[in-house]
Amino acid sequence: MNIYIDDNLNKNNIDIAESFFSTPKHRPFIAISLGSTPPPIEVAVQILKWSLISHSPIIPILFADDIATINYRAFGDSETRAIKEVDKSKRKHFLVWQEALNYLEKNEKPRVRFINWKDILNPDVQEQQNFVREIFNCKGELYKSILTLVESFISSAGKTYTLKRGLIMAEYVIQELPSLIFGIKYDEINYQMTLYPTYTSPKEFQNFLVAVIRNPDFKLYFNKYNKNELEYCKFIHMIISDKNKRNEKNDI
C-alpha cells in the first residue's frame, strides 16, 4: 500500500516510479504541507520530472491551505494570525514550485496544475470527514491513533503536548484522512498516488496509517464510503536531505 522513499530520487527511485506509472491506473498528485519548509528548487524539479513519467495528463499540486490554519491555532495563534501565516507559507511554497516549472519542457508545463483544498472538497469528502469525526469522538482505537500521531508532531516541533493542543490538531487529521486513504478527486478524476515531500521521518506516519487501516471500525468506513470501489491510496514519502531542514511547527 505505502512506499517510503529515502533521500533525493536516485536511479532506484526512478525505477520504482516507472513500475507504478507504467499504466494509466496510477495518477499522482503532489501534496504540500504548509507547516513545512519549501524544498530547494532542484528537489522540486526532480519531483516534477519524476511525476511526469505518469500517463496522467494533469499533475495536481495540492496546497492544504484551508485546514493548515488548524495547526497554527493548536500552537496558540488566533484565527486571523493563523490565516496570515498560512498565506505567507503558501506563497513561499508556490514561488518554489512555480520557478521549478521553468526547468520543464514546453509540453510538460501545462500538465502541472496548482490547486487548493477547496478544489477537492465536495459532499462525498465532507460525508467521509463527518464519519471519521464520529468514530474519533467515540474515543476508541482511532482516537488513540490520531492523538498519538499529533503528539509526535507537537513534540518534534519542540512544544509541550497537552490534550487541548492534541484535540485541536486532531481535527486537521480528521479532515485530511479521506485524502490519505482514498486519494483526491479533482476535475472528475481520481488521483490515488500521493507524492509527499517532507523533511521528517515517515515512521510515525506509517504506523498511523497501518493502525487506521487495520482498525475494525475503519473497515466499516471503507465499505460504506468507498462508492467508486477505489483502492487504498499509495503514499510516496520523499525525504529531503537533513542539511536543508529548518525549524518547523509541524510537518503533517
Side-chain angles (χ1 to χ4, degrees), residues 2-18 20-21 27-54 56 58-65 67-69 71-72 75 84-117 152-153 156-158 172 176 179-180 184 191 193-206 234-252:
N2 298 308
I3 305 168
Y4 295 86
I5 295 180
D6 297 331
D7 239 30
N8 289 327
L9 304 182
N10 57 31
K11 178 62 167 61
N12 291 333
N13 294 334
I14 294 297
D15 290 343
I16 292 172
E18 289 174 344
F20 275 109
F21 298 155
R27 296 177 181 270
F29 71 98
I30 302 170
I32 304 300
S33 170
L34 295 180
S36 67
T37 302
I41 293 291
E42 61 271 19
V43 173
V45 173
Q46 284 179 299
I47 293 172
L48 287 175
K49 288 284 189 181
W50 196 54
S51 65
L52 288 165
I53 297 172
S54 167
S56 180
I58 298 297
I59 307 296
I61 299 180
L62 173 63
F63 297 104
D65 49 358
I67 61 173
T69 59
N71 292 340
Y72 284 90
F75 291 102
K84 182 178 179 180
E85 290 299 315
V86 167
D87 287 345
K88 185 192 301 182
S89 177
K90 180 180 174 183
R91 180 65 177 169
K92 290 179 181 179
H93 280 273
F94 175 80
L95 290 175
V96 167
W97 292 95
Q98 181 70 36
E99 185 174 345
L101 293 182
N102 294 329
Y103 294 86
L104 300 182
E105 299 296 329
K106 186 176 180 180
N107 65 321
E108 293 175 329
K109 293 180 183 180
R111 294 178 60 193
V112 179
R113 188 81 52 84
F114 295 102
I115 66 173
N116 300 313
W117 190 255
S152 72
F153 286 117
S156 67
Y172 182 104
E176 185 185 40
S179 66
L180 297 178
I184 66 171
Y191 293 85
M193 180 177 288
T194 307
L195 309 184
Y196 188 71
T198 177
Y199 290 90
T200 60
S201 167
K203 181 178 179 181
E204 292 84 0
F205 194 84
Q206 179 183 17
K234 292 178 173 57
F235 204 97
I236 301 179
H237 202 129
M238 302 174 179
I239 301 177
I240 302 169
S241 173
D242 287 340
K243 69 181 180 180
N244 296 308
K245 187 175 180 181
R246 306 172 189 172
N247 292 330
E248 300 168 1
K249 283 198 170 187
N250 55 46
D251 193 10
I252 189 172

Side-chain contact test, heavy atoms from C-beta onward, threshold under 4.5 Å: evaluate it for [X] versus [Y] and give yes or no.
{"X": "Gln206", "Y": "His237", "value": "no"}
{"X": "Trp97", "Y": "Ile41", "value": "no"}
{"X": "Thr37", "Y": "Tyr199", "value": "yes"}
{"X": "Ser179", "Y": "Trp117", "value": "yes"}
{"X": "Val96", "Y": "Lys92", "value": "no"}
{"X": "Ile30", "Y": "Val112", "value": "no"}
{"X": "Ile47", "Y": "Pro197", "value": "yes"}
{"X": "Phe235", "Y": "Phe205", "value": "yes"}

Query raised in the report: Under 3.5 Å, side chain of Ser89 to main-chain N/O of Leu34, donor-acceptor pair present?
Result: yes

Requested in this report: Answer yes or no: is there a donor N or O on one side and an acceptor on the other, between the side chain of Glu108 and the main chain of Glu105, under 3.5 Å?
Outcome: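 Side chain of Glu108 to backbone of Glu105: a pair is present.
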
Please identify each residue that fulfils side chain to side chain donor-acceptor pair (under 3.5 Å) with [X], with sequence neighbours left out.
{"X": "Lys90", "result": "Asp65, Asn116"}
{"X": "Glu99", "result": "none"}
{"X": "Arg111", "result": "none"}

Report task. Kindly write out the residues that satisfy ring pair (Phe, Tyr, Trp, His ring centres under 6.0 Å) with Tyr103, not counting sequence neighbours, or none if the list is empty. Result ->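 If we apply the ring pair (Phe, Tyr, Trp, His ring centres under 6.0 Å) test to Tyr103, skipping adjacent residues, there are no hits.
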
Query raised in the report: Should the ring pair Phe63 and Phe94 be called parallel, tilted or perpendicular, given that the plane angle runs from 0 to 90° and is split at 30 and 60?
Result: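 Tilted.
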
Query - Test log, rule side-chain contact (heavy atoms from CB on, under 4.5 Å), inputs Val86 and Tyr72 - result: CA-CA 8 Å; Val86 167; Tyr72 284 90; 3.7 Å; yes

Query raised in the report: Residues in salt bridge (charged side-chain N to carboxylate O under 4.0 Å, His left out) with Lys88, at least two apart?
Result: Glu85

[atom2] on [Y] to [atom1] on [X], rounded to 0.5 Å:
{"X": "Ser54", "Y": "Leu195", "atom1": "OG", "atom2": "CG", "result": "9.0 Å"}
{"X": "Phe153", "Y": "Glu204", "atom1": "CZ", "atom2": "CD", "result": "7.0 Å"}
{"X": "Thr194", "Y": "Ile236", "atom1": "OG1", "atom2": "CD1", "result": "8.5 Å"}
{"X": "Leu104", "Y": "Leu52", "atom1": "CG", "atom2": "CG", "result": "6.0 Å"}

Requested in this report: For Ile58, enumerate each residue passing the side chain to side chain contact (heavy atoms under 4.5 Å, CB included) test, keeping only those at least two apart in sequence or located in another chain.
Outcome: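 Result, side chain to side chain contact (heavy atoms under 4.5 Å, CB included) vs Ile58: Pro60, Arg113, Tyr191.
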
**Report entry** Verdict with reasoning, Thr198 to Met238, per side-chain contact (heavy atoms from CB on, under 4.5 Å)
**Finding:** CA-CA 6 Å; Thr198 177; Met238 302 174 179; 6.0 Å; no

Report task. For Ser33 and His93, work out which heavy atoms get closest and say how close. Result ->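 Smallest heavy-atom distance, with atoms named: O-NE2, 3.4 Å.
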
